[in-house]
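Accompanying notes for the structure given below.
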Amino acid sequence: MSTLTHLGRRQFLAALGSASLLGALPAISLAKPEQSGTGNFKPDLELEIRATPDEVAIFPGRRTQVWRYQAKVLQGDAKAVSTLPDSYLGPVIRVHKGSKLRVHFYNDLPEPSIIHWHGLILPEAMDGHPRYVVPPGGKYLYEFEVINRAGTYWFHPHPHGMTGEQVYGGLAGLFIVTDDEERALNLPDGAQDVALVIQDRSFSRDNQLRYLSNSGGMMGMMGGMMGFAGDQIMVNGRPDFKLQAERKAYRLRLMNGSNARIYKLAWEDGTPLTVIGTDGGLLSAPITRPYVSLAPAERIELWVDFSARRPGEALTLYSQPFAGMSGGGMMGGGLGNGEAFEVLQVNVGKGAAVAGKLPMRLTAIAPPDLQQVRNADHPRTFRVTAGRMRWGLNGRVYQMDEVADDEVVKLGTSEVWEFVNEASMGMMGGMPHPMHVHAVQFRILKRSVDREAKQAWFSLGEGFVDEGWKDTVLVMPGERVQVLMRFSHYPGLFVYHCHNLEHADMGMMRNYLIKA
Ligand code: C2O
Ligand code: CU
Ligand code: CU
């Protein structure tokens, strides 16, 4: 994709350079384990997924060069994989909890890549850690069992230094898990169960995607520090997205697939949003919010009953303005993070109304249990730091082969982690950082906000859905957030990082080791 930046590539090469020093590791050996494929794995579903360049019609005129995943079912339920209508984004994989998957990944891109299954709890070699990248023309074999709860997960590339560029190019798909308990709730299904991936993009006059480098040196650099913000909102890879809805109840699975943009989603007419699920599946009971805040990589599931709407009514979901997130607007005249804009429109049909019934209880979620937690009153702390035009964590940036003493946890234990985002970060000012941890789903225990940061916090924070299971949490400027997680299943080396992809690519990511 010639129009995309090569900034990422340089960083990747730098990272590769350090990976070749594996022998120099002090305490822990991070040698790449043999790829699995034990021979006695019996998949329920076998897929081929190719990451490949393509050209698609998005706007009238010239076709747009994108990168996309193309999937094929080789064995198992042919309906397990579907495409998003009329889109290069996706595909959508739907499986039942407990399913065993074999995925043959082929990298047809001109640069290294690897698939990460965001939110799934997987053995290290299946998780898509950046050191498993395969070169152009290479392939990778995944074999895993889906042990997660029913929920909306997703997958995307994870090559260090190039994730932002590759996701931006079009590589992102959904991984939807169902289970018997969820099925028994009779939530809206089939055409009434709709996945919506929200992203922002920026296009040149001849319809080509523009990423950071096109803004030129200093602007490209600022874009890296701020994260990319585009001026064209896309839903499922389409501009001006319209959902044709019947007068029935819907389950809308919203995913923020943007590199850096945060959304503050609300119905234009002020109807409150009914939230039934979040990153790691259903909440124990539906809750309502005047708006929901959705940071990069977060998912939210809404239950919406269009039966009460007038036949033919049009309804807009938009992103409300919020405070204090400067930067984006500098990007080539783009829309800044925090400005108001329309996200999608729902056109309600004219057929008969069928009122939906929302269960008052969805699932059992036990309250967070701090009894078993080793460090409940001295959390493991990760501070957002900034130095030399690069974000970091505890003053460190990503090194492929490095894990520090304070980044080692023990398998089978639970811990409280605290993410700290001090408001004043020198010349950079405060920025929100969506923090994501691989290999776990966690619970949000508490947030505390500095007094000076409260006002900006309140312009977004009331839309946080901290109930239920999470794998990504937005940490606002001047805020500290405590989460509780359990390293329950697999030992190995995983990453935790900011899911502002420009931040992660520049090094706001670290390894952590779950020690057996
Ligand atoms: Cu969605 Cu490490 O990422
Ligand atoms: Cu992830
Ligand atoms: Cu960040």
Side-chain angles (χ1 to χ4, degrees), residues 113-122 124 126-133 148 151-164 166-168 171-175 197 199 223-229 255-262 279-280 294-299 325 327-328 337 382-387 389-394 397-398 400 419-422 425 428-442 469-477 479 481 485 490 492-512:
S113 195
I114 189 73
I115 295 179
H116 165 59
W117 312 91
H118 182 120
L120 295 188
I121 295 168
L122 298 175
E124 154 186 289
M126 300 299 125
D127 186 57
H129 186 282
R131 77 191 194 289
Y132 291 114
V133 289
N148 284 67
T152 308
Y153 307 94
W154 65 297
F155 58 100
H156 61 80
H158 219 304
H160 183 51
M162 294 180 293
T163 298
Q166 292 188 7
V167 172
Y168 188 76
L171 296 168
L174 288 162
F175 195 100
V197 180
Q199 297 174 314
M225 282 310 277
M226 298 301 172
F228 176 87
M255 201 273 272
N256 184 351
S258 309
N259 284 26
R261 184 179 289 283
I262 298 163
D279 300 348
L294 203 60
E298 285 185 310
R299 287 84 71 204
M325 316 297 152
N337 223 344
F382 300 93
R383 261 168 222 286
V384 175
T385 50
M389 297 301 281
R390 263 179 122 176
W391 296 105
L393 292 162
N394 284 341
V397 293
Y398 191 62
M400 193 83 76
F419 298 110
V420 181
N421 185 8
E422 266 140 21
M425 300 289 298
M428 294 316 303
M431 268 206 80
H433 298 278
M435 296 304 303
H436 169 54
V437 187
H438 286 212
V440 291
Q441 288 285 332
F442 54 73
W469 292 96
K470 296 282 294 170
D471 55 51
T472 307
V473 61
L474 187 64
V475 186
M476 292 286 280
E479 185 175 38
V481 181
M485 59 183 83
Y490 305 112
L493 190 76
F494 298 93
V495 292
Y496 63 100
H497 58 92
C498 179
H499 221 290
N500 177 315
L501 294 180
E502 285 70 41
H503 293 184
D505 277 344
M506 46 170 35
M508 194 176 180
M509 172 159 84
R510 290 289 299 174
N511 289 318
Y512 82 101

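Whatever order the structure lists ligands and atoms in, that order sets their numbers, starting from 1.
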Q) Got an N, O or S from Cys498 under 2.8 Å of the Cu ion (ligand 3)? A) yes

Q | Atom nearest to the Cu ion (ligand 3) - His433, N, O or S atoms considered | A | ND1

Q | the Cu ion (ligand 3) - closest N/O/S atom in His503 | A | ND1

Would you say the ring centers of [X] and [Y] fall short of 6.0 Å from each other?
X      : Y      : value
His499 : Trp154 : yes
His116 : His156 : yes
His497 : His503 : no

(Q) The test is side chain to side chain contact (heavy atoms under 4.5 Å, CB included); show your working for Tyr398 and Asp505 and say whether it passes. (A) CA-CA 9 Å; Tyr398 191 62; Asp505 277 344; over 6 Å; no

Q: Just to the nearest 10 degrees, tell me the angle at atom 1 (Cu) of ligand 1 spanned by His499 NE2 and His118 ND1.
A: 100°

Q. Is any N, O or S atom of His156 under 2.8 Å away from atom 1 (Cu) of ligand 1?
A. yes

Q. Hey, what's the angle at the Cu ion (ligand 2) spanning NE2 (His436) and NE2 (His116), nearest 10 degrees?
A. 160°

Q. Checking side chain to side chain contact (heavy atoms under 4.5 Å, CB included) for the pair Asp471/Arg299: CA distance, chi angles, key distance, verdict?
A. CA-CA 10 Å; Asp471 55 51; Arg299 287 84 71 204; 2.7 Å; yes

